[in-house]
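A short worksheet on the structure shown next.
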Amino acid sequence: MSRPERPVLVVIAHGSRDPRHAATVHALVRRVRAQRPGLRVETGFLDFNIPSVQGVLNSLAAEGVRDVVALPLLLTRAFHAKSDIPAVLRQAPSRLRIRQAEVLGPSPLLTAALERRLYEAGLTPADKSSTGVVLASAGSTDPEAIAVIAEIAREWRHTGWCAVRPAFASASLPRTEDAVRELRALGCERVAVAPYVLAPGFLPDRIARGAAGADVLADVLGPAPEVARALLDRYDEARMPSLAALGA
């Protein structure tokens, strides 16, 4: 008996007026396709960019697609994952069977991507014990999302860094520049800022400005191979119930 086709993966990105955002999202999706040949991956945006999520879902339904895994391109479970995206998915054509995957973080793969970006910016593993790191995220009014960032910082510290402090570009404190000053005061030999964001834009630019007093500023996570693997892991988790039913 032939197996049914794998669900189409629809990556749901926030969207931005900054053209770098969509370009980075598309680069990540290309890496996902390269890592999983044969998997159909589509991209939809909640705002500012096209195609919209609704437009992608309508097109898939018109083609006769039945099964979709909708994956929020988000690092924490905040308002977009809990409210905006479910609301959009409820408006999808009824013929589609849609499973919403979990957000990407937290994940050891994302921590590995953060370290990749720091090493690309000039650090080496030998620098860890003398380097303090600012884990700089976009920020959120959701307490759950803030707690997750703080926990990632605590766990990352145990891998050998001099210290790791969370910081936020909006909605929460401390700001990146405050965390940089705190790490200086702690006596770390050097200070690095690791943006825990997926793509460039307004808030990542604010993080970069706050990193002016740091020694190292890493790039955004973007299309790092570890991010692509994390995305595929979330896809596989979302389709596991159907796999179990088929004995796959």
Side-chain angles (χ1 to χ4, degrees), residues 11 13-14 16 18-32 34-35 73-76 103-139 145 148-170 174-177 179-180 183 188-234:
V11 175
H14 183 276
S16 171
D18 189 323
R20 297 174 298 168
H21 175 91
T24 303
V25 169
H26 291 311
L28 174 59
V29 169
R30 286 194 296 271
R31 190 175 286 275
V32 170
Q35 288 192 12
L73 197 59
L74 300 168
L75 296 176
T76 58
V103 297
L104 296 181
S107 165
L109 286 167
L110 297 181
T111 306
L114 286 166
E115 295 210 356
R116 170 189 290 275
R117 294 305 190 216
L118 285 170
Y119 297 150
E120 289 172 350
L123 294 179
T124 70
D127 295 324
K128 291 183 76 168
S129 63
S130 58
T131 301
V133 178
V134 178
L135 179 67
S137 78
V148 166
I149 299 300
E151 180 61 24
I152 292 170
R154 282 191 293 269
E155 291 185 1
W156 200 16
R157 160 69 182 86
H158 295 314
T159 66
W161 296 100
C162 173
V164 180
R165 293 290 186 271
F168 308 94
S170 69
R175 294 286 184 256
T176 302
E177 52 269 34
V180 169
L183 291 172
C188 296
E189 186 176 315
R190 67 185 63 79
V191 175
V193 174
Y196 190 59
V197 293
L198 286 165
F202 176 75
L203 293 178
D205 284 348
R206 180 179 288 177
I207 290 171
R209 290 193 296 273
D215 302 294
V216 173
L217 171 62
D219 199 357
V220 299
L221 296 175
E226 297 86 356
V227 178
R229 289 202 296 273
L231 199 153
L232 287 168
D233 282 352
R234 294 299 189 228

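To the nearest 0.5 Å, atom CG of residue L183 and atom CZ of residue R165 are 6.0 Å apart. A distance of 4.5 Å separates CD in E151 from CZ in R154, rounded to the nearest 0.5 Å. Going from atom CD of E189 over to atom CG of D127 covers 8.0 Å, rounded to the nearest 0.5 Å. L123 contributes atom CG, which lies 5.5 Å from atom CH2 of W161 (distance to the nearest 0.5 angstrom).
Using a distance-only test at 3.5 Å, with no hydrogens or angles considered, a donor-acceptor pair links the side chain of R234 to the main chain of L104. In this structure, the side chain of D205 does not engage the main chain of F202 through any donor-acceptor pair within 3.5 Å. Here the side chain of R175 pairs no donor or acceptor atom with the backbone of A167 at under 3.5 angstrom. Under the 3.5 Å distance criterion, the side-chain polar atoms of S130 are left unmatched by any main-chain donor or acceptor of C162.
Nearest heavy atoms, I207 versus S137: CD1-O, 3.9 Å. Residue W156 comes nearest to L118 through the heavy atom pair CH2-CD1, 3.7 Å, listed as atom of the first residue, atom of the second, then distance. Smallest separation of non-hydrogen atoms from R206 and A169: NH1-O, 2.7 Å. Taking every heavy atom of both residues into account, V164 and A153 meet most closely at CB-O, 3.6 Å. Closest non-hydrogen pair, V197 versus A138, comes out as CG1-N, 3.9 Å.
With sequence neighbours excluded, the residues forming a side-chain contact (heavy atoms from CB on, under 4.5 Å) with P225 are R31, Q35, R116, R229, listed by chain and number.
Contact check for L232 versus V32: side-chain heavy atoms found under the 4.5 Å cut-off. The side-chain heavy atoms of L28 and T24, taken from C-beta on, include no pair separated by under 4.5 Å.
Only one option out of V29, L109, L73 pairs with L231 in a side chain to side chain contact (heavy atoms under 4.5 Å, CB included); it is L73. For the side chain to side chain contact (heavy atoms under 4.5 Å, CB included) test with L75, the passing option among I149, V103, L110 is L110; the others fail.
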May I have the list of side-chain donor-acceptor pairs in residues 209-223 shorter than 3.5 Å, sequence neighbours left out?
residue : atom : partner : partner atom : Å
D215    : OD1  : R184    : NH2          : 3.3
D215    : OD2  : R184    : NH1          : 3.0
D215    : OD2  : R184    : NH2          : 3.1
D215    : OD2  : V191    : N            : 2.8

